[in-house]
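Everything on this sheet refers to the single structure shown next.
Because the structure is a prediction, the values reported are computed rather than measured.
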Amino acid sequence: MKGRFEVIDSFAIRRRNEFYLIGNLVEGTVKEYWFINVPLSGSFSITVRIKAIEDIELSGESKIYKLLITEGDNETTDMMLALKIGSEYLDITTDGED
């Protein structure tokens with residue numbers, strides 16, 4: 001594990017085949033091309049490659065958040081949206097599969 005990311009919310013832009021995670025890095029570090037581990041059940045998780053990282057600001061808030069950008073096909077996007085990723089912590093690793 002290289003870091004831990006607190007996800008506040010997530011969304012997709014299908015036209016771009018991108019999925020976005022908004023949150024804060026609470027431990028360690030995160031870099032482009034590393035992976036986010038997304039748990040599917042107690043003992044099984046998938047890895048999703050980080051395509052890009054941006055700093056974002058939300059209106060009405062002074063805090064700067066991280067936006068982790070991933071990409072995938074429609075099936076991957078459907079699965080990520082169905083997981084309703086938000087208000088949870090995800091591990092950041094250098095190992096994973098696309």
Contact summary for [X] and [Y], nearest pair of heavy atoms:
X	Y	value
Leu21	Ser10	CD2-CB, 3.8 Å
Lys31	Ile53	C-CD1, 3.6 Å
Arg4	Leu25	O-CD1, 3.4 Å
Ser45	Pro39	CB-CA, 3.6 Å

Do the side chains of [Y] and [X] get nearer than 4.5 Å, heavy atoms only?
X	Y	answer
Met80	Ile46	yes
Tyr89	Val7	no
Ile85	Phe19	yes

In Å and rounded to the nearest 0.5 Å, what is the [atom1] to [atom2] distance from [X] to [Y]?
X	Y	atom1	atom2	value
Asp98	Thr76	CG	OG1	10.0 Å
Ser62	Glu57	OG	CD	9.0 Å
Glu18	Ile69	CD	CD1	6.0 Å
Glu71	Ile50	CD	CD1	12.5 Å
Thr94	Tyr33	OG1	OH	16.0 Å
Asn37	Thr93	CG	OG1	4.0 Å

For Phe35, does its backbone N or O pair with a side-chain atom of Thr47 as donor and acceptor, under 3.5 Å?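 Checking the backbone N and O of Phe35 against the side chain of Thr47, no donor-acceptor pair under 3.5 Å is found.
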Side-chain (Thr70) to main-chain (Arg49) donor-acceptor, under 3.5 angstrom: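 Answer holds: no.
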Salt-bridge test for Arg14 and Asp78: reply yes if a basic N is under 4.0 Å from a carboxylate O, no otherwise.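 Yes, this pair counts.
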Take atom CD of Glu97 as the centre, draw a 6.0 Å sphere, and report whether it contains more than 12 heavy atoms from other residues, nucleotides or ligands.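 No, because the 6.0 Å sphere around CD of Glu97 holds 12 heavy atoms or fewer from other groups.
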Leu68 reachable from Val26 in the ILVMFWY side-chain graph, under 4.5 Å edges: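 No, no single cluster joins them.
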Treating Ile, Leu, Val, Met, Phe, Trp and Tyr as nodes and any side-chain heavy-atom pair under 4.5 angstrom as an edge, say whether Met1 and Phe5 lie in one connected cluster.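 Each belongs to a different hydrophobic cluster.
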Pair Asn74-Thr77, side-chain donor/acceptor within less than 3.5 Å: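 Note: Asn74 and Thr77 side chains miss the donor-acceptor criterion.
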By ring-ring contact (aromatic ring centres under 6.0 Å, His included) - contacts of Phe11 (at least two apart):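 Applying ring-ring contact (aromatic ring centres under 6.0 Å, His included) to Phe11 gives Tyr20.
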